[in-house]
Amino acid sequence: MTLVGLVACAAVAHAPAAARGAGGTPVAAATIPNGGARFWFDPAVPLGAPPATALVNDNGSPRILVPRHYADFRRTLAGQLSSWAADPRLSLNPNFVAALLAKESGFDPRATSAVPANGIAQMTHIADADLRIIAREAPQFRWMLPEVEGWPRLPAVHDSAATKAKTDALLASGAVSGTNEYLFEPALALRASMFWLRILATIWMEDQWPGQHGALARDKLGKGGRLPEEELLALVTVSYNQGHPYVADLVTKYGRGWRDHLNEESGDYLERIVAYTEIFQRAR
């Protein structure tokens, strides 16, 4: 699930006035082995269309429990995902984003979890709050603000007292839907998750906010230079799952061996995201 975290409001307020693009320049494609999972957009690697049966859990069970959800994604969201992914302000591999949706929700737009996290991308109210703060305060992400602020939010879903049981009851009664809560509107939830992924990438690539992890990553993982793309993919993926402070603690303690010390959930999460990304990339 998406345990995010937690860019401090006060720290974000001190983001430098000069933006450096949208958080850095993607690394060259040559850093990725042939067929390996990519993080950045590459026009030569469009969104693939594997069958739902190709996406399985670690034990071989189906990842997509309701094939209709995947069919709806292909019909209504795949084109938007491809278009948004190509936006140079995001520049995300659409196959990576699709892999994340598969792992998070099996493409179920009404998915809920105990975190609580909601919707097709399993965003939390904490992620939503951080997203709005960063879009407002960080110059290179301010273009996101008109969209983010305009999305419908239901207080009962975003309240700190929200639980899976309460949200499930609201969904069942019709009191919450995609019309009054963007987390349950698939296109908006997808858009939000892409914004959040791009922000997480910047947190790991640059020193945009005091206490963030660009210097740490360069020192421990990049030999003082730019991070390899596959390393950035792992950092962002686990940050989406467990929060970037958790990942930063592992990198601080173990350096390049940080992935060997993931908890069971995060280890499976990263393995599945990489596997699904490669499956999507091959199916074109």
Side-chain angles (χ1 to χ4, degrees), residues 1-9 12 63-66 68-70 72-73 76-77 80-81 84 90 97-98 100-138 141-142 144-200 203 236-246 265-266 269:
M1 300 299 109
T2 314
L3 296 175
V4 292
L6 313 141
V7 177
C9 299
V12 175
R63 181 65 210 153
I64 299 175
L65 298 178
V66 181
R68 172 177 52 84
H69 292 151
Y70 182 50
D72 288 344
F73 163 79
T76 65
L77 290 180
Q80 287 179 301
L81 169 55
W84 290 336
L90 294 176
V97 180
L100 183 139
L101 300 182
K103 176 59 177 170
E104 286 287 356
S105 69
F107 298 99
D108 181 357
R110 290 166 59 94
T112 61
S113 76
V115 171
N118 298 296
I120 195 169
Q122 289 292 277
M123 293 280 286
T124 67
H125 67 277
I126 298 172
D128 171 69
D130 281 350
L131 179 61
R132 285 186 287 163
I133 290 168
I134 294 168
R136 186 181 303 113
E137 302 292 347
F141 295 120
R142 203 165 291 154
M144 299 175 179
L145 192 61
E147 291 186 66
V148 172
E149 292 288 22
W151 293 339
R153 292 171 177 82
L154 194 68
V157 174
H158 291 262
D159 188 90
S160 59
T163 64
K164 173 177 169 57
K166 291 177 181 179
T167 302
D168 285 344
L170 291 170
L171 284 166
S173 70
V176 62
S177 68
T179 61
N180 61 8
E181 175 49 61
Y182 87 88
L183 294 176
F184 295 109
E185 205 297 305
L188 297 184
L190 168 61
R191 185 75 160 157
S193 71
M194 296 178 74
F195 286 169
W196 187 244
L197 288 167
R198 193 62 184 82
I199 287 169
L200 287 172
I203 287 172
V236 171
T237 297
V238 182
S239 294
Y240 193 98
N241 175 246
Q242 291 285 333
H244 61 82
Y246 166 79
E265 177 190 345
S266 293
Y269 188 90

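Side-chain contact between Tyr269 and Tyr240 is present, with heavy atoms from C-beta onward closer than 4.5 Å. Contact check for Val97 versus Trp84: no side-chain heavy atoms found under the 4.5 Å cut-off. Proximity of Val66 to Asp108: side-chain heavy atoms (C-beta onward) are nowhere separated by under 4.5 Å. Counting heavy atoms from C-beta on, the side chains of Arg136 and Glu149 come closer than 4.5 Å. Side-chain atoms of Phe107 and Leu77, non-hydrogen and from C-beta on, never get closer than 4.5 Å to each other. His158 places a side-chain heavy atom less than 4.5 Å from the side chain of Leu183. Between Met194 and Leu81 there is a side-chain heavy-atom pair separated by less than 4.5 Å. Here the side chains of Trp196 and Ile134 are in contact, with some heavy-atom distance below 4.5 Å.
The CD1 atom of Ile203 sits 11.0 Å away from the CZ atom of Arg198 when rounded to the nearest 0.5 Å. Annotation: the span from Phe195 atom CZ to Leu90 atom CG amounts to 6.0 Å, rounded to 0.5 Å.
Glu181 places no side-chain N or O within 3.5 Å of a backbone atom of Phe184 that could act as its donor or acceptor partner. Remark: side-chain polar atoms of Asp130 are not paired, donor with acceptor, to backbone N or O of Ala127 under 3.5 angstrom. Using a distance-only test at 3.5 Å, with no hydrogens or angles considered, a donor-acceptor pair links the side chain of Arg63 to the main chain of Lys103.
Of the candidates Asp168, Asn118, Thr167, Thr112 forms a side-chain hydrogen bond (donor to acceptor under 3.5 Å, both in side chains) with just one, namely Asp168.
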